[in-house]
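Written below as structure tokens is the structure these notes are about.
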2 protein chains.
Amino acid sequence: MKKPVRLSLTKQIANEIEIKIESKSWPIGTKIPTESQLAKQFEVSRNTIREALQSLIQVGVLEARPGDGTYVLASGKFEANMYHQLSLAKAEEVIEARCFLEKNLAYLAAQNRTANDLAIIKNAWQVRLENQADLERLVETDGAFHLEIARAAHNSVLFELYQAMTSYIYQVLLSKLTDEGYHNAELSNKLHEELIQAIIDQDSHLSESLAAKIITL
Amino acid sequence: MKKPVRLSLTKQIANEIEIKIESKSWPIGTKIPTESQLAKQFEVSRNTIREALQSLIQVGVLEARPGDGTYVLASGKFEANMYHQLSLAKAEEVIEARCFLEKNLAYLAAQNRTANDLAIIKNAWQVRLENQADLERLVETDGAFHLEIARAAHNSVLFELYQAMTSYIYQVLLSKLTDEGYHNAELSNKLHEELIQAIIDQDSHLSESLAAKIITL
DNA sequence: ATCCATTTGTGCGTATGTATC
DNA sequence: CGATACATACGCACAAATGGA
């Protein structure tokens, strides 16, 4: 079971590019250098570059637009894969699945949160409070807040699932709020603060039910 | 935004191969034809075949062994991806995530099951009862039983996740039972039958808690 | 134990098509 | 229209690993 120390040029390059993407050196939406430029840069043929890019395009991390350039689509393989899978399902099923995840993560967060998690969560909540004016910023910071709760659950599997799912759902959420408006601000804020308190108190069941209420607002 | 009239040879071939795999024409473990043979068969260059294979290797559906051949690893992209993701996580986290899924699917199954679902579930239970003697068969038929409950939940997102996760967990389960033995047969059977009844009665909460108990046996 | 045919891995060069600006 | 840039596809050559004679 010895593993090869040598990596093919293609894989080396694919890895380096993936690192640039995951580390946000090339954020989502970035137009990356042309194949020829990359070929010069890495001192290989354009063909080799193509194979590397192809492998990332195949899994949905990159998107090539003929006559234009190559763009970053997602920040990781798992996220890209979930995107594809979720797009095949009905929207209501995705939302249902996400509701269950959110509830369970709140439960686990109350159980497993550390003092450090609490500080991060409180901070994320402050940020969210300061950005209630702009809808787009609100959705963004609210997402960040809930993501921190998910992280405090300390379960990497559920966390990855949640992360992939929410980034997919964001667009739906934003357009929904834009249409319907955001009128439950006080109730929402109250529930959020109760949720934080429940997590502080490590009251798992209360956290779970509060999370459920927040979602169905 | 009109694009998709013509599919590239590479993608056509990748699709055809994927179909052979998903349809079990080439089951897991199969050694598929050599690149040269496929090239002749599809009347394209070996390079084109390689690109198609490469795309499936990349997502973990195929595995190439230099000097030997190319083998089927998983029966679908999503399954392959979950495999990879789960292998990075701690075992306890995987189990925790699976518990969460099992509970929620039982809840939803009680809510959404149709008469037809019930018939299938009852049948799967009978099959499981008839195969208690052989441990390997027991794990297999028990898995099939729970899979039918998952299906009855009528949520494709959670169902796909569950399916991918259980196929990963099977090996662990089997080895655990082989080591520890299977001594809780009566209790297990009793709980399973109560679960079926709860689903018949559409008692979501009871189903959920019974599912939780069954897992922690 | 050695050799050898087979099979995949790697890399390059080239040609042509097509989309965008 | 033309320049640019990606898309597709083929052919070739050699390297490296494997399995079997």
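Labels below follow one simple rule: chain letters A, B, ... track the order of the sequence lines, proteins then strands, and each chain is numbered from 1. The structure presented is a predicted model; accordingly, all values stated were derived computationally and were not measured.
Computed from coordinates, the N47(B) CG to dT14(C) P distance equals 16 Å when rounded to whole Å. The NZ atom of K40(B) sits 15 Å away from the P atom of dC10(D) (whole-angstrom rounding). Regarding I49(B), its CD1 atom lies at a distance of 15 Å from the P atom of dT7(C), rounded to whole Å. Taking atom CG on L38(B) and atom P on dT7(C), their separation rounds to 11 Å, with Å as the unit. Between the OH atom of Y71(B) and the P atom of dT18(D) there is a distance of 11 Å, given to the nearest Å. Look at CD on E43(B): it is 14 Å from P on dA9(D), rounded to the nearest Å.
Under a 4.0 Å N-O distance rule, the pair E79(B)/K77(B) does not qualify as a salt bridge.
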What pairs of nitrogen or oxygen atoms, one from the protein and one from nucleotides 6-8 of chain D, lie under 3.5 Å apart?
from   : atom 1 : to     : atom 2 : distance (Å)
dC6(D) : OP2    : E35(A) : N      : 3.3
dA7(D) : OP2    : R50(A) : NH1    : 3.2

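Within the 3.5 Å criterion, the main-chain N or O of V44(B) finds no donor-acceptor partner in the side chain of T48(B). No donor-acceptor pair closer than 3.5 Å links the side chain of K103(B) to the backbone N or O of R98(B).
Each of N123(A), D142(A), T141(A) was compared with R128(A) under the side-chain hydrogen bond (donor to acceptor under 3.5 Å, both in side chains) criterion, and only D142(A) meets it.
Remark: T48(B) is in phosphate contact with dC10(D), judged by side-chain N or O atoms under 4.0 Å from OP1 or OP2.
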(request) Show the numbers, then the answer: is there a side chain to side chain donor-acceptor pair (under 3.5 Å) between T34(A) and S36(A)? (result) CA-CA 5 Å; T34(A) 70; S36(A) 308; 4.5 Å; no

Show me the donor-acceptor pairs within less than 3.5 Å that the side chains of residues 147-155 of chain B make with the rest of the protein, sequence neighbours left out.
from    : atom 1 : to      : atom 2 : distance (Å)
E148(B) : OE1    : R151(B) : NE     : 3.1
E148(B) : OE2    : R151(B) : NH2    : 3.3
H154(B) : NE2    : D117(B) : OD2    : 2.7
N155(B) : OD1    : V157(B) : N      : 3.0
N155(B) : OD1    : L158(B) : N      : 3.1
N155(B) : ND2    : E93(A)  : O      : 3.1
N155(B) : ND2    : E96(A)  : OE1    : 2.7

